[in-house]
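Proteins come first, then strands; the chains are lettered A, B, ... in the order of their sequence lines, and each starts at number 1.
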Amino acid sequence: MARREQEIVVSTGAGGLGAAVAAETGGALGEVEAIRARGYWELIWRRFRRDKVAIGSGAFIILLILIAFAGAPIAKHYVGHGPNDLFLTAPAVNLAGLPANPWTHVTNEATGKKNVLVLGAANRLGQDEFLRLIYGARISLEVAGLSTLGVMIIGVLLGATAGYFRGWVDTIISRLTEVTMAFPLLIFVISLAATVGPQLDKITLGIFPKGVLTLVVIFSLFGWFYPARIMRAQVLSIREKEYVEAARMIGASNTRIIRSHVLPHLVAPIIVYSTLTVASYVLLEAGLSFLGVGIKFEPSWGNLLSSGPDFYTTRPLLMVWPGLAVLLTTLAFNLLGDGLRDAFDPRASNM
Amino acid sequence: MFRYLIRRILWAVLLFIVITFVTFVIFFMGPNDPARAQCGGDQAQPACLKLVTEHYGLDKPIYVQYWRFFKRLVFQQNLGHSYATGQSINQAIGKAAPVTASLVFGGAILWMIMGLLIGVYSALKPRSLLDRTAMVFVLIGISAHPVWIGLIFEYLFGVKLKWTPIANYANFFGAPKDSGLPGGPWQWFYHMILPWCTFAILFAALYARMIRANVMETLNEDFVRTARAKGAPERRVLFSHVLRNALLPVVTMLGMDIGVALGGAIFTETVYQLPGLGRSLIIGVQSNDFATVQGVVVFATIAILLFNLIVDVLYAWIDPRIRLT
Amino acid sequence: MALLEVKDLRTSFHTEDGIVGAVDGVSFSLEKGETLGIVGESGSGKSVTCLTIMGLNAKRNTVSSGEALWKGKNLLDMKPRELRDVRGNEISMIFQDPMTSLNPVQTIGNQLIEAVQLHRDVSQRVARARAVELLKAVGIPRAEGRIDDYPHQFSGGMRQRVMIAMALINDPDLLIADEPTTALDVTTQAQIINLMKRLQEDFGSAIIFITHDLGVVAETADDVLVMYAARVVEHADVDQLFGRPQHPYTWGLMGSLPRLETDLDRLIQIPGQPPSLLRPPAGCRFHPRCPHVMEVCKTTVPELVPTQRDPEHLQACHLDEETKDREAAKLLEATMAKAG
Amino acid sequence: SAGTANHALKQGGIWKYGTEGASVQVDPQLAYITTAWWLEYATAAKLYNYPDKAGPVGTKLVPEVASKFTVSRNGKVYTFTLRKGFKFSDGAAVSAKNFKYAIDRVANKDLASPGAQFITDPSGTNIVGAKKVNDGQAQHVSGVVVKGNKLIIHLTKADGTFMAKITMPFFQATSTKLPLDKEVVTVNGSNLPSAGPYFYSRNDVNQLTSIRKNTHYSKGPGRTRPHNLAGLDVFWNQTEQTLFNQTQANQIDEDNTLPPDQVQGVANQYGKNKTRFWAKSQNCTGYLPLNMSNSLFKGNTNLRKAINYAVNRGPYVGQAGPFAGDVWTHIFNPAVPGWRNVTIYKRNLTTAKKLAKGHLKSGKITVYYRSSGTINPAQAQIVRQDLINLGFQAGNITMKGFSGGNIYTAMGVKGNDADMGVSMGWCSDYPDPYDWINILLYGPSIQADNNVNYSYMNIPKWNKKMASAAKLVGPRRLKVYSQMDIDIMKQVAPMAVTRTYNTRYLFSNRVNPKSLVFQGIYSDFSIGAMALK
Amino acid sequence: MEAAQAPEARGDELLVVNDVKKYFPITRGIIFQKQIGSVQAVDGVSFSVKKGETLGIVGESGCGKSTLARCIVKLLDTTGGGISFDGRDITKLSRTAMRPIRREMTMIFQDPYASLNPRKRVGFIIGEPLEVHNLGSSSEIKMRVQELLEVVGLNPEHYNRFPHEFSGGQRQRIGVARALAVNPKLIVCDEPVSALDVSVQAQILNLLKDLQDDFGLTYIFIAHDLNVVRHISDRVLVMYLGKVVEIASRDLLYAEPKHPYTGALLSAVPIANPALGRKREPIVLEGDVPSPVNPPSACHFHPRCPRFVQGHCDVEEPPLYPFGNGHVAACHYPLERWPMSADEIRRASSPVQSPSSQSREELPA
Ligand SMILES: Nc1ncnc2c1ncn2[C@@H]1O[C@H](COP(=O)(O)OP(=O)(O)OP(=O)(O)O)[C@@H](O)[C@H]1O
Ligand SMILES: Nc1ncnc2c1ncn2[C@@H]1O[C@H](COP(=O)(O)OP(=O)(O)OP(=O)(O)O)[C@@H](O)[C@H]1O
Ligand SMILES: [Mg+2]
Ligand SMILES: [Mg+2]
């Protein structure tokens with residue numbers, strides 16, 4: 001054990017080692033060199049900052065969030081129609097029933113104004129592909145973000161409880177985890193989304209587009225086992241760490257131990273795993289919407305992707321846009337996750 | 001070993017009951033009317049619906065229905081009949097399973113080959129150009145949607161370049177006589193190339209990454225140094241010391257991934273219109289054919305449980321440290 | 001001609017944080033049948049020295065220079081093929097951690113047989129017989145039966161015996177043992193050391209014995225090399241070293257050792273910690289911790305030179321010899337009061 | 001005439017038909033989907049039958065296995081006299097027994113044939129003893145008696161639709177080889193013999209279904225149907241795109257699930273209904289039922305009419321691509337006997353708004369729509385937009401999605417909360433206006449659930465009219481119904497009729513376009529008439 | 001097993017451990033775990049520690065030293081037996097009841113890397129015990145921590161640093177400071193120097209000795225290095241496979257070991273003096289320490305013992321025979337003198353008198 005940790009120290013960067021050496025010379029030999037102590041987070045930030053790719057990904061994600069939540073309404077205002085508005089007549093949908101090509105000028109039936117479809121129309125309803133893409137980003141991020149939150153909350157709570165208290169609590173939770181794990185996940189999610197989905201779709205809490213919470217609930221119910229397993233393993237190992245024993249030895253309560261000695265160590269895996277999970281849920285949402293059991297009506301990347309084949313040979317770009325959006329978003333989250341993992345655990349980066 | 005197997009099987013049975021029951025419950029939570037499928041769908045008439053409902057006992061309480069289902073399954077190994085086509089589900093699955101199996105196992109072989117080649121090579125030459133290219137591939141493989149990959153492949157290789165068929169399945173053992181359908185091993189292979197590639201990319205990427213990490217870790221192990229100190233040439237070090245140890249966790253992963261892979265097959269089957277389990281499921285879901293949905297879930301569950309059992313035993317066999325007790 | 005002659009060996013690792021000079025100008029030579037002990041604190045470059053000789057350092061971020069003449073040929077210049085012929089055949093090595101040094105998924109027998117067949121063109125049967133023979137030699141009971149066991153079925157001590165068997169299976173001329181007993185209990189350690197002594201008599205190999213336990217060195221080595229921060233600070237015959245240590249670091253090591261045979265009320269501690277090899281101190285690397293530090297120590301690197309009294313006794317310290325003799329005598333008086 | 005043209009047609013060849021759809025049931029007593037009946041019409045030999053002819057001729061019943069029939073004076077007993085010379089594909093002769101066997105199977109409880117509803121309806125066609133069999137209390141329908149070459153059927157009451165019903169494929173001559181209470185699913189060779197010009201030679205579910213020439217179908221009295229092709233293969237579960245490509249490349253002869261974005265192209269290339277591209281109307285009408293039992297539309301004729309004026313039918317139909325059907329505003333589509341070509345509601349938002357003004361009640365509306373696929377949700381969006389145009393607030397419109405046919409189940413429950421439904425439609429089971437007006441809008445038949453009167457129209461005046469029209473026969477029947485169709489839509493507007501449905505076909509260049517005879521009864525090209533070049 | 005009574009503390013005895021047992025269950029099962037055996041990590045250990053003294057505990061890896069230490073500070077609940085600390089039986093105390101006692105009894109851990117929470121600043125780590133026990137306001141705690149830092153030879157200004165900024169030896173100092181924070185009476189040191197290099201080890205040993213002199217601490221010092229134990233202890237306890245095999249004052253034990261196992265241990269220690277070292281003749285024990293899951297019958301040492309007498313050692317469990325001056329050893333055939341040659345050892349002489357004549361109370365002194 002000692003060796004592994006020691007390696008971290010060696011590779012914590014010049015700062016860590018330098019400080020260690022300085023501290024030593026200072027402590028034992030009288031002189032004190034004023035080196036500012038660096039906090040854990042600061043060290044991570046310093047390591048993370050060096051990773052240009054991860055920084056880029058982070059920036060991309062922030063940009064995406066801005067676009068999805070702030071940019072979309074602005075874009076809507078600017079183009080003068082909404083993502084769900086229909087342009088049922090030519091040139092938005094031509095006589096052959098094909099959606100307009102990029103940069104087509106159309107007349108807005110409601111306002112009588114001339115609008116432009118930047119990326120063309122998304123379907124035979126003449127809906128604006130561009131707006132649907134950026135509103136779709138919002139749905140993707142909401143579904144993926146909230147599902148991750150749900151999955152993490154359930155997973156971390158159950159996993160950490162099982163790991164910390166062990167005994168029968170652990171037995172029950174572990175069995176539950178195994179049962180959940182054995183479910184043929186996607187098969188199940190599809191049946192579930194198709195059967196109970198329509199009823200759950202009604203619930204929007206007033207802020208979420210329809211169907212978002214359905215997916216969130218379904219994903220959370222079936223996805224928690226993975227973080228639960230990770231967290232259980234983490235807590236089990238942390239629990240065995242001597243510093244936890246040390247805390248128990250001095251009489252610290254369970255709450256205190258969990259708060260100051262267990263949870264802080266879960267932050268890193270939670271963050272890293274969350275980032276990667278977000279990426280996988282972006283994919284899953286798109287997949288389900290593609291199969292027609294995810295988000296309906298509202299713009300979503302999966303929806304856009306599923307209308308691609310309708311215009312396979314005539315409007316291949318309709319397949320490209322949503323695909324690219326999914327690719328870039330997932331890629332960004334994956335890269336960010338990798339970067340964070342390297343920052344949190346420098347051993348990984350030494351590979 | 002024997003006791004272990006028994007216990008594993010008991011556990012699998014329990015899981016099986018839980019899963020099928022949950023499927024049952026979920027389906028009954030939806031506003032579904034399986035009888036409708038049997039009565040001509042949209043224009044079903046009341047008399048017919050009533051008749052069929054009674055015939056299948058669809059008006060009975062859920063536990064009674066479940067028990068009927070379970071009894072039939074256990075004692076007759078019979079999954080019942082499709083509400084939509086009237087076909088025996090056993091038969092339907094018997095037809096669909098080979099397609100999915102072709103896809104999943106063929107895909108698995110492909111992804112293992114790709115994963116191994118890429119993973120091992122980039123582990124041996126970390127930070128080389130090849131490694132970097134491989135890692136870009138891995139990232140894209142992990143991030144691109146399988147559906148999208150499928151569509152793009154289809155468009156590119158099928159529609160534009162016309163290298164491959166863009167859809168459908170060809171039976172490995174030959175098509176039905178004078179049906180004019182493609183058949184035979186070569187056609188099978190030819191029809192499966194794109195689906196395999198599509199299906200394998202995600203996993204190939206994941207496995208390449210994992211294998212790379214494992215190999216690199218194993219390369220740092222003491223026993224590898226021992227092998228080198230013995231004077232073993234690098235090839236030998238790699239094959240008889242590094243790979244076997246590095247691939248151990250891969251075997252476990254394979255067991256865990258089979259469920260995910262079966263799920264992923266749904267996308268590929270949808271894109272390429274392969275008449276496999278995934279498509280049966282989607283068709284079943286869309287036409288409220290609960291019997292088919294349940295059949296697919298049951299079959300998939302059994303397959304996954306069985307596969308996991310095999311993997312466990314296999315793992316114990318290749319890793320002498322594991323004792324199955 | 002010496003069996004192994006190491007001249008000005010240097011190895012550095014290029015890490016993210018900078019260059020770690022893990023071995024910095026190490027020279028020594030070794031005769032047939034001789035045992036050389038290398039002592040020093042953790043991280044002082046003992047293992048890297050040996051790994052460099054064996055060509056076992058990771059290629060990627062390592063730079064080595066200097067010479068390691070094995071029977072007159074420089075191991076560092078050898079082609080991989082030639083080197084492989086030497087490794088495991090003429091020079092073999094055992095490592096510190098017996099728990100991880102054996103391949104967990106292969107039987108002991110296979111690993112031993114592999115070692116034979118890599119260098120000898122013999123049949124499986126012959127190789128297996130040789131393996132059994134060696135297992136018996138290292139004291140594994142029921143060797144014929146246990147040869148087909150897997151490493152996890154052996155205890156730590158037994159595994160280390162297997163490692164020794166594997167190292168000796170081709171009758172090497174040199175055996176490098178890198179802390180072979182550190183991970184073991186005292187009683188097991190005694191078994192292993194006994195075994196090595198006995199085997200050396202039987203097989204006549206030269207041994208390089210790395211350890212940080214002065215006791216083990218005192219009992220096993222003919223010659224001792226003391227390393228500190230990647231450099232050799234003292235190199236002498238074992239009796240010389242323990243009888244008249246010439247370097248303040250050696251004094252520190254000896255003084256800080258609690259002993260069975262003497263009562264010390266307080267140990268003589270070396271203050272501070274070993275330096276980082278990333279940015280080693282200028283001049284004598286020991287100077288920040290040395291109680292006898294002089295101005296010259298901070299700037300000038302002391303060379304490894306023979307003492308006036310004994311040309312075989314090399315040391316690297318700027319202190320004059322009288323002071324050293326005086327200090328050594330003081331130390332011995334304190335620590336080895338009951339000796340003799 | 002068609003007869004003479006037939007001589008010029010090439011004989012033989014296998015016609016390859018590919019479809020996106022899932023495979024259909026082939027058991028004659030269970031087949032019930034349009035495609036299934038298309039095949040049944042080619043394989044079945046029935047008492048009376050519709051000829052393989054296009055247009056009105058094709059809707060006139062002509063004797064087939066029966067040479068004639070008589071009806072007792074009270075209209076309750078039908079006696080069919082059977083011809084000799086009909087043979088099953090396995091060589092067995094067809095006799096009255098085979099028709100009795102068909103009815104026994106239809107009524108059988110365990111077989112659960114959807115045909116049972118047509119012979120056990122107490123208010124419609126009801127064969128004596130059929131109910132008993134259907135309840136599992138008997139094996140054979142007592143009201144069907146075989147006497148030599150005579151088949152005698154007893155009804156519990158007189159019924160004007162009986163001949164239309166008994167001509168449904170359920171009641172074809174059925175070989176007694178078929179198990180009485182078990183469905184025949186997989187066909188391999190000769191386990192499903194039939195007496196028509198063709199028989200099923202193979203059925204691999206969701207893969208391939210083949211029919212082949214019945215070699216025992218030799219020319220003779222009643223046996224005059226054309227059968228040019230040596231057989232026909234149906235490939236199920238194909239993709240739009242492949243099918244399209246293969247048909248273009250002449251590897252498949254018929255594709256009727258064209259990729260929507262390709263339709264215009266082939267129409268431009270080949271012209272419509274000339275050579276390779278055809279668009280033909282199905283016997284179906286698409287409409288939005290307006291629930292007259294819920295508060296919004298209850299007694300709210302103005303709003304119902306307003307909806308009819310507001311619906312943007314053009315794009316609604318256009319969602320399926322060009323030639324998907326025509327905009328339609330009344331119930332009878334061109335395949336319903338007695339239909340008229342009129343436009344009752346032309347889209348006019350101003351009129352619509354005027355009518356709706358003050359009639360929006362609470363201003364809230366609940367719309368059921370079908371959520372599967374891309375077309376149905378798109379249509380729902382259009383309707384939603386129309387409602388907004390009409391004056392409903394976007395926030396007050398509740399859209400509820402249903403997958404598959406679930407919308408029908410939901411709308412069929414009396415007291416459901418839907419005000420209207422989108423993407424719904426009705427296809428005829430038998431060519432009689434009764435199947436449209438009385439089935440869809442007759443009030444007294446409303447029950448707790450499984451209703452098809454999705455508008456829940458129940459107006460005594462109209463109920464009476466429908467009941468009396470049902471009793472009429474002959475041309476008068478058609479005339480009365482025809483007028484009622486228009487009147488109901490004009491005066492009551494229980495639904496907003498939106499469209500008719502076309503099937504769009506692409507044929508290979510192997511197909512002889514002269515042989516394409518569109519049979520209005522089953523809304524498809526007659527297989528018997530089809531021929532290759 | 002008779003119900004263990006809380007042993008009476010006699011006079012200056014700070015800690016009395018009486019017949020303590022700790023078995024770890026080995027369970028199996030997929031849904032319900034059932035016990036199929038146990039690891040008898042500590043199997044009936046009795047001893048006592050006087051105020052101000054240092055008791056060394058030695059033994060091979062896995063013999064139960066750490067488990068025993070954890071039982072003493074109640075990190076583990078004992079399976080049987082009694083532990084009384086400062087006159088109070090602590091075996092049955094609840095968490096809350098135990099809290100005040102935790103101030104008087106602390107522990108130093110083996111691994112200076114794992115025993116400090118890498119996310120916490122040194123100030124927090126050392127101050128945590130004070131905080132837990134509400135010993136002062138935060139500024140008082142801070143002052144106390146800085147004082148402690150100075151006491152253990154660190155710079156008070158290191159208060160705000162993180163453990164990773166320190167070297168192994170310094171970290172161990174932090175561990176010591178944490179143990180000292182609450183002014184404990186007893187410190188259990190579980191191999192505090194095993195992970196350190198010799199030069200640093202000496203620093204810590206000196207520090208511990210100094211602290212003992214300054215604060216009058218009592219130590220239980222666990223180590224497997226006999227040199228270290230000898231250096232620091234007043235009395236030494238030798239464990240083998242969960243049992244005590246010998247207890248004696250340091251000088252007695254090292255000069256006249258009675259148990260053959262102690263003899264083997266002592267003889268196995270290499271001597272850092274070539275002249276002496278080469279003459280050393282270790283008693284080489286056969287085989288390895290058996291598994292504590294199913295330990296050998298009677299005397300656990302008998303399969304490896306050079307003095308093994310069949311029919312006696314493997315049948316009758318030796319009690320702790322007294323040899324005067326508080327020297328006890330659990331052997332039927334103890335060594336007569338030390339050093340003995342290997343041959344002499346192998347010749348077992350007459351057994352010590354039957355244990356029945358000894359009264360139990362007199363055993364541990
Ligand atoms: N692959 C490597 N990359 C970077 N630094 C390394 C590498 N291997 C060893 N080192 C560094 O080289 C120095 C010498 O290491 P070496 O293993 O030779 O020490 P040692 O004397 O054997 O110590 P120990 O007693 O702990 O085995 C150490 O500071 C170590 O951190
Ligand atoms: N939590 C536990 N569960 C099961 N067995 C345990 C547990 N903790 C310790 N053991 C077992 O109890 C025995 C004694 O362990 P312990 O850690 O007390 O030994 P030790 O003397 O401290 O050894 P070391 O010198 O290696 O630290 C060992 O066999 C160990 O495997
Ligand atoms: Mg080393
Ligand atoms: Mg321990």
Side-chain angles (χ1 to χ4, degrees), chain A residues 1-6 8-10 12 15-24 26-28 30-32 34-43 167-168 170-172 174-175 178 238 240-254 256-257 260-265 267-268, chain E residues 29-33 70 73-75 95-96 98-103 105-122 124-125 128-133 153-155 157-170 173 175 178-179 181-182 188 190 195 203:
Chain A
M1 242 16 251
R3 274 188 168 261
R4 287 163 71 89
E5 291 271 348
Q6 194 168 13
I8 295 188
V9 175
V10 170
T12 31
L17 197 65
V21 175
E24 188 52 56
E31 259 172 87
V32 182
I35 288 188
R36 210 163 57 79
R38 283 204 191 80
Y40 172 71
W41 292 105
E42 200 182 335
L43 275 173
W168 61 268
D170 185 22
T171 310
I172 290 178
S174 295
R175 295 302 153 245
E178 273 170 47
I238 292 171
E240 297 303 319
K241 286 267 160 64
E242 284 186 348
Y243 58 79
V244 173
E245 290 220 314
R248 270 207 306 227
M249 180 262 306
I250 58 168
S253 61
N254 273 337
R256 187 189 171 90
I257 293 175
S260 29
H261 297 288
V262 178
L263 286 184
H265 294 267
V267 173
Chain E
I30 285 189
I31 299 171
F32 299 106
Q33 306 285 321
R70 268 150 232 242
V73 297
K74 239 185 156 251
L75 280 174
R95 259 186 103 101
T96 32
M98 189 62 201
R99 268 172 69 99
I101 296 175
R102 294 215 176 272
R103 284 174 51 187
M105 181 162 73
T106 55
M107 187 160 169
I108 302 173
F109 295 89
Q110 167 172 8
D111 189 337
Y113 295 91
S115 61
L116 305 180
N117 186 342
R119 303 277 194 279
K120 296 291 177 195
R121 290 171 196 274
V122 168
F124 177 92
I125 293 172
E128 190 177 18
L130 301 168
E131 229 179 278
V132 167
H133 294 288
L154 292 172
N155 194 314
E157 290 169 32
H158 292 166
Y159 182 85
N160 263 328
R161 296 205 172 169
F162 285 89
H164 65 76
E165 296 172 73
F166 294 89
S167 67
Q170 288 175 316
R173 287 173 196 259
R178 168 174 58 193
V182 285
V188 179
D190 186 5
Q203 296 171 4

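Of the atoms belonging to E/Lys74, not a single heavy atom falls under 4.5 Å from chain A. Residue contact with chain E, scored on non-hydrogen atoms closer than 4.5 Å, is absent for A/Ser174. With a threshold of 4.5 angstrom between heavy atoms, E/Arg103 does not approach chain A through any atom at all. The contact between A/Arg248 and chain E is made by backbone and side chain atoms together, counting heavy-atom distances below 4.5 Å. Neither the backbone nor the side chain of E/Met98 comes within contact range of chain A; no heavy atoms are under 4.5 Å apart. Looking at A/Asn254, the atoms closer than 4.5 Å to chain E (heavy atoms on both sides) sit in the backbone and in the side chain alike.
Here the closest heavy-atom approach between residue E/Leu130 and residue E/Ala181 is recorded as CD2-O, 3.4 Å. Nearest heavy-atom pair across E/Val73 and E/Thr106 is CG1-O, 4.3 Å.
Between the CZ atom in A/Arg256 and the OG atom in A/Ser253 there is a gap of 7.5 Å [rounded to 0.5 Å]. Taken from CD in A/Glu240 to CD in A/Glu242, the straight-line distance is 10.5 Å, to the nearest 0.5 Å.
The side chain to side chain donor-acceptor pair (under 3.5 Å) test applied to E/Arg173 returns E/Gln203, not counting sequence neighbours.
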